[in-house]
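Taking it in order: structure first as structure tokens, then the write-up.
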Amino acid sequence: MHSITFRPLTTADFPQLLTWLQRPHVAEWWPGDHSAATVADEFSEMLDAESTTRASIIVLDGRDIGYIQSYVAMGSGEGWWEDVHDPGVRGIDQFIGEPDLLNRGIGAMMIRAFVERLFAAPEVTLVQTDPDPTNARAVRCYEKAGFHRVGTIQTPDGAALLMTQVRSV
């Protein structure tokens with residue numbers, strides 16, 4: 001059985017984050033100008049104590065394997081989640097950066113563990129995610145982790161498949 005843990009992102013992780021973001025299987029779904037400067041700029045914001053985004057490194061059996069974040073959906077700004085009025089809704093985004101770990105069930109396992117951790121906070125009412133509708137691997141992974149399809153929506157990044165998971169009673 002694998003051990004999945006999450007540790008807070010630090011500036012020391014930026015070089016590894018850059019490497020992962022530049023790998024083809026990640027860059028396909030996390031597009032952008034991934035240079036050392038842009039990674040430092042974008043991810044430094046998440047280290048601010050005032051940020052509503054919590055960024056972590058995914059650790060599998062002691063090995064750093066990827067990135068995961070949660071954020072308060074309500075009030076995200078910049079056109080994101082303007083119809084969300086429940087402060088308990090959390091959004092998540094993540095990727096496995098190590099290609100040798102793809103298609104092995106690790107993604108669903110880590111997402112289940114992360115969502116369980118989010119629901120441990122009593123104020124969290126719902127967890128949502130929004131993969132690209134054409135990213136079949138991500139959609140299957142989320143479904144295996146307990147998410148349900150709500151429908152296709154338009155986001156500032158384009159079309160997305162809204163998927164949610166509610167707190168189990």
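- Note: the hydrophobic cluster containing Leu118 does not contain Ile57 (ILVMFWY, side chain heavy atoms under 4.5 Å, direct or indirect links).
- With rounding to the nearest 0.5 Å, the separation of CZ in Arg112 from SG in Cys141 is 8.5 Å.
- The main-chain N or O of Ile96 is found under 3.5 Å from a side-chain atom of His25 such that the two form a donor-acceptor pair.
- For an aromatic pair to be called close, the ring centres must be under 6.0 Å apart, and Phe95 with Trp30 satisfies this.
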side-chain contact (heavy atoms from CB on, under 4.5 Å) between Phe147 and Val115, intermediate numbers included:
CA-CA 10 Å; Phe147 282 78; Val115 168; 3.8 Å; yes

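- Remark: the backbone N or O of Leu47 is not paired with any side-chain donor or acceptor of Ser51 at under 3.5 angstrom.
- Counting non-hydrogen atoms of other residues, nucleotides and ligands closer than 6.0 Å to CD of Gln22 gives a total above 12.
- Here ring-ring contact (aromatic ring centres under 6.0 Å, His included) pairs that include residues 46-66, with residues two or more places apart or in two chains, number zero.
- Side-chain atoms of Arg7 do not come within 3.5 Å of backbone N or O of Val59 as any donor-acceptor pair.
- A donor-acceptor contact closer than 3.5 angstrom links the side chains of Gln69 and Tyr67.
- The aromatic rings of Phe43 and Phe14 sit tilted, their planes meeting at an angle between 30° and 60°.
- By the 4.0 Å N-to-carboxylate-O rule, Asp132 lies too far from Arg137 to be salt-bridged with it.
- Sorted pairs that involve residues 118-140 and meet ring-ring contact (aromatic ring centres under 6.0 Å, His included), not counting sequence neighbours, are lacking altogether.
- Screening residues 139-163 for salt bridge (charged side-chain N to carboxylate O under 4.0 Å, His left out), with sequence neighbours left out, gives Glu143-Arg149.
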